[in-house]
Amino acid sequence: MPRALYGLREVYPVSGSSPVAAAHRSGGPLWLTPEELADAVHAQYVPGDDFSLAVLPLGEGRRTAGCLLAVTESTDGFDAEERRCLELFTAAVKGLTPSPHLPAPTVSSRSPLPAPSHLPSQSAPPHAPASPVPDLSRSPSEAPTARTGVAAAHPSDARAAGDGRASSFSLAMDTGRIDVDEQVLELFGLVPAEFDGKVETLLALTVPEDLPTLMSVVEANHMAIGDRELEFRIRQPSGTQRWLRLRGQLLSAGDGRPARLFGTVVDASDLRTQVNDVARVQRLAAVLATATTVREVSQAVVAALRAPMEADRMALAELEGDRLVVTVLDPPEPEAWPEVWRSEWRSEWPDAPVRAMPTLAAALREGRAAVWPAGTELEPPLAEVGRGGLVVLPLPAGDRMVGVCLIGWDTPHDFGADERALLTAVAGLAGQALMRVRAFDAEHELVGMLQRTLLPRRLPTLPGGEAVARYLPATAGLEVGGDWYDVIPLPDNHVALVIGDVQGHNAGAATVMGQMRTALRAYAVEGHPPDVVVSHANRLLMGMETDLFATCSYVDVDMEDGTGWCVRAGHLPPLLRHPDGSTEVVEAEGGPPLGVITEAEFRMTPLRLGPGTLLALTTDGLVESADLEFDEGMRRLSVALSAADQDDLGLMADALLDNAHRGDDVALLLMRYDGMAVRPARETWTVWRVPEAVRHARRFTRRTLRSWRVTRETDTVLLVVSELVTNALVHTDGPVRLDLSRIDDRLRVAVADASPRTPVKPANIGWEATGGRGVLLVEAMSTAWGTVPAGGGKQVWCEIDVG
């Protein structure tokens, strides 16, 4: 129950004068009426005088492990039967609660706890399932009745159970033969003529959860001589469950061994809240424990309540500030809901704040279920939800409400005590689950946002091919992963495909992942070959202040001729799917992971891609898990890759990830090589540092243009070549290379040198200046120009329209 409802605290000082401390010190129970609670000594600790309080120590004197507090709204306090029930309940709990001064008792899961010495043998069975959470709500139309804040144990007198008939049995402990009367067989739903006299036949009808408790009685090795009592459930032929109470006594055969168990069995169902409700609450708790989204929680609550309560409609909504956001409507069809709801169906809730629905707002303020029988005047948004009865069930979590559940009936509905108990139990479970998954969702969204910012927002368009990528975060936890991928366009129709994985799942791994992706991209754009790119990244990671390492695969593909080079650093090898559907794992020689050895060697493996070939790169989360060996995972991926339709790479990637193990992050990168429809024409000239170097470069250019049948803008091209080659020879040292390429009517001139310094365009040039006009001429004569890094130096390029 909400402790604040009765002013009860979370903690009471042991040395204080509160009723809890007094009972703890004395070792005896306190039974306080409203008048006694109003006494000045207690009023400061229990600020309330409209209820009675019971405090029962869990132990003797100062050896108690705590206290049990019980509340009833009866002004006469707890009667004799209620006190007896609480004492029995305390005795059972005390046996399960370790004292701070004593070692915890060793209790066999198959044997009941012995009855405390100061109580009769008919104590509450410790293995009996706990009673549901008590009902804490009443309809506004109902007269106030006493409420008890603790589930009462049931009277153990067999005459109080069922119709008062006690049926007897006698069990031989050595043979398992049992003699029973007709009443026992009637309780189990058996016909006397069909009973074989074996105790196993009766045990087979026991609900599995209660079987260990019952076995503790019929297995002599786990018993001592004396009285026994327990309650258990059986499943009748109709499928319903029934509570039975067994009381018996073991009699020795004379040599110290138990020989025969004599006892009685009675129907205890009338003393229990509906068994099915208990089972539903238990099942709901198990489902909610694994729910990870608000919608999963909502669906579990609807499934737990609608069928047993025979409701016509249910709605569950989150409370966000002053507004409600519906997560589940059952049934989902708009026609099943009132007209005012259908008019606002776009948001699945009337477009009004909570304060516009007084009934709902009042229930949320009080934190209790509000039950409205048929004929109650309610506001329009709620009136037609339940013409035959409506329940507004707030969902609490701590000291606040996190949502609300509406349950409505079309025909008059009689609200029973069992339903109220079920609603109260479900409300507490659902509220806590909603709070947990909302926190999970918020953190998961933060993790996802961080992951998305570290990965490419979109992949570039490739000449002669197509690439798609997928990333699946792990669902086993909230930590950000270290998997990444990248597609890097390079000059001359090259493209670099990268995939990698940083050790760990935390912010540190995500940081290193972002740094590695940036470093590899930077080294690739500089024009380094694949082995140098990976080697530079390795040295960078070695120099960083981190103990993490990373694996990666780097593939440089020439999209013009379908050749490529692959470098592996401790990562999975790429997979190729050929046009005929066959697959191949690339036998690429691998180096160590990045960040392990400073002077590691990373060898390049050649690749050959024909038109229609698919290249697949992935991380180990797709092919390896605790239940899946790496080799088997690679085999399965190869089979799936061969069977998938590669016409739509997006659908293909989704299909490959359908059965991915979600205990680890998964990154997948696919590239289909189609071949370029129009391949550029290329020619290269190494410029020697001789006095006639520029003239030789012009002659090479003129000869190349003639072979390409270019007749327009030849003088412009020759002038640009002269300026670029002259600048490289004058302002740099080392080799100089002239590259000419043509695609359709566009001619590209590029001059590479060994200096990384980018040419600077002068702001203005006077009449007397002797230099600086070359860059201005190139800019004026070409359609576009620029500079890019190239293998430690640079490449200055320009494009001229020669069509």
Side-chain angles (χ1 to χ4, degrees), residues 455 468-477 479-486 497-506 509 512-513 516-517 520 530 534 537-538 541 547-555 564 566-578 581-597 600-605 607 613-644 646 652-671:
L455 294 174
V468 300
R470 294 290 186 269
Y471 173 80
L472 289 180
T475 58
E479 299 87 354
V480 65
D483 294 15
W484 89 90
Y485 60 85
D486 206 353
L497 307 172
V498 189
I499 199 161
D501 185 3
V502 177
Q503 169 199 9
H505 291 81
N506 49 45
V512 173
M513 179 263 280
M516 286 294 96
R517 175 177 171 249
L520 286 163
V534 176
N538 175 61
L541 185 55
D547 295 328
L548 301 178
F549 63 85
T551 65
C552 84
S553 283
Y554 181 100
V555 180
C566 173
V567 175
R568 288 202 305 127
H571 201 79
L572 281 67
L575 283 83
L576 292 178
R577 170 182 157 153
H578 299 292
S582 62
T583 58
E584 170 191 358
V585 178
V586 178
E587 298 295 335
E589 186 175 353
L594 306 179
V596 176
I597 303 174
E601 184 177 358
F602 300 96
R603 297 184 179 277
M604 296 193 300
T605 301
L607 297 179
T613 301
L614 184 78
L615 176 67
L617 301 171
T618 186
T619 55
D620 57 0
L622 183 59
V623 298
E624 190 174 19
S625 68
D627 303 323
L628 182 64
E629 294 290 339
F630 170 76
D631 291 339
E632 175 62 16
M634 290 293 288
R635 187 194 66 79
R636 293 183 183 181
L637 179 59
S638 298
V639 172
L641 196 65
S642 178
Q646 68 173 7
M652 184 180 192
D654 294 337
L656 293 176
L657 295 179
D658 270 348
N659 298 320
H661 175 67
R662 300 304 299 278
D664 193 6
D665 293 18
V666 176
L668 176 66
L669 178 59
L670 303 178
M671 194 275 288

Next item on the list: With side chain to side chain contact (heavy atoms under 4.5 Å, CB included) as the test, would you mind laying out the steps for Leu572 and Val623 before giving the verdict?
Entry: CA-CA 10 Å; Leu572 281 67; Val623 298; 3.4 Å; yes
Distance in Å, [X] [atom1] paired with [Y] [atom2], rounded so as to fall on 0.5 Å steps:
X	Y	atom1	atom2	result
Arg636	Glu629	CZ	CD	10.5 Å
Glu584	Leu607	CD	CG	8.5 Å
Tyr554	Leu497	OH	CG	9.0 Å
Leu455	Tyr471	CG	OH	7.0 Å
Phe630	Glu624	CZ	CD	7.0 Å
Ser642	His578	OG	NE2	10.5 Å

So which heavy atom on [X] is nearest to which on [Y], and how close?
X	Y	result
Asp501	Trp484	N-CZ3, 3.4 Å
Val586	Pro573	O-CB, 3.3 Å
Leu617	Pro574	CD2-CB, 3.4 Å
Leu669	Val498	CD2-O, 3.7 Å
Val585	Ser638	CG2-OG, 4.2 Å
Gln646	Leu614	OE1-CB, 3.3 Å

Just wondering, do [Y] and [X] contact through their side chains at under 4.5 Å, heavy atoms?
X	Y	result
Leu576	Leu615	yes
Val512	Leu541	yes
Leu575	Met634	yes

[X] side-chain N/O to [Y] backbone N/O, donor-acceptor pair under 3.5 Å:
X	Y	value
Thr619	Ala667	yes
Arg577	Leu641	yes
His571	Asp620	no
Thr618	Val666	no
Arg568	Ser553	no

Check: For Glu632, does the CD atom sit with more than 12 other heavy atoms under 6.0 Å from it, leaving out its own atoms?
Finding: yes
Notebook entry, point to check: Got more than 12 heavy atoms from elsewhere within 6.0 Å of CG, Asp547?
Noted result: no
Notebook entry, point to check: Pick from Asp654, Asp483, Asp665: which one makes a salt bridge (charged side-chain N to carboxylate O under 4.0 Å, His left out) with Arg470?
Noted result: Asp654
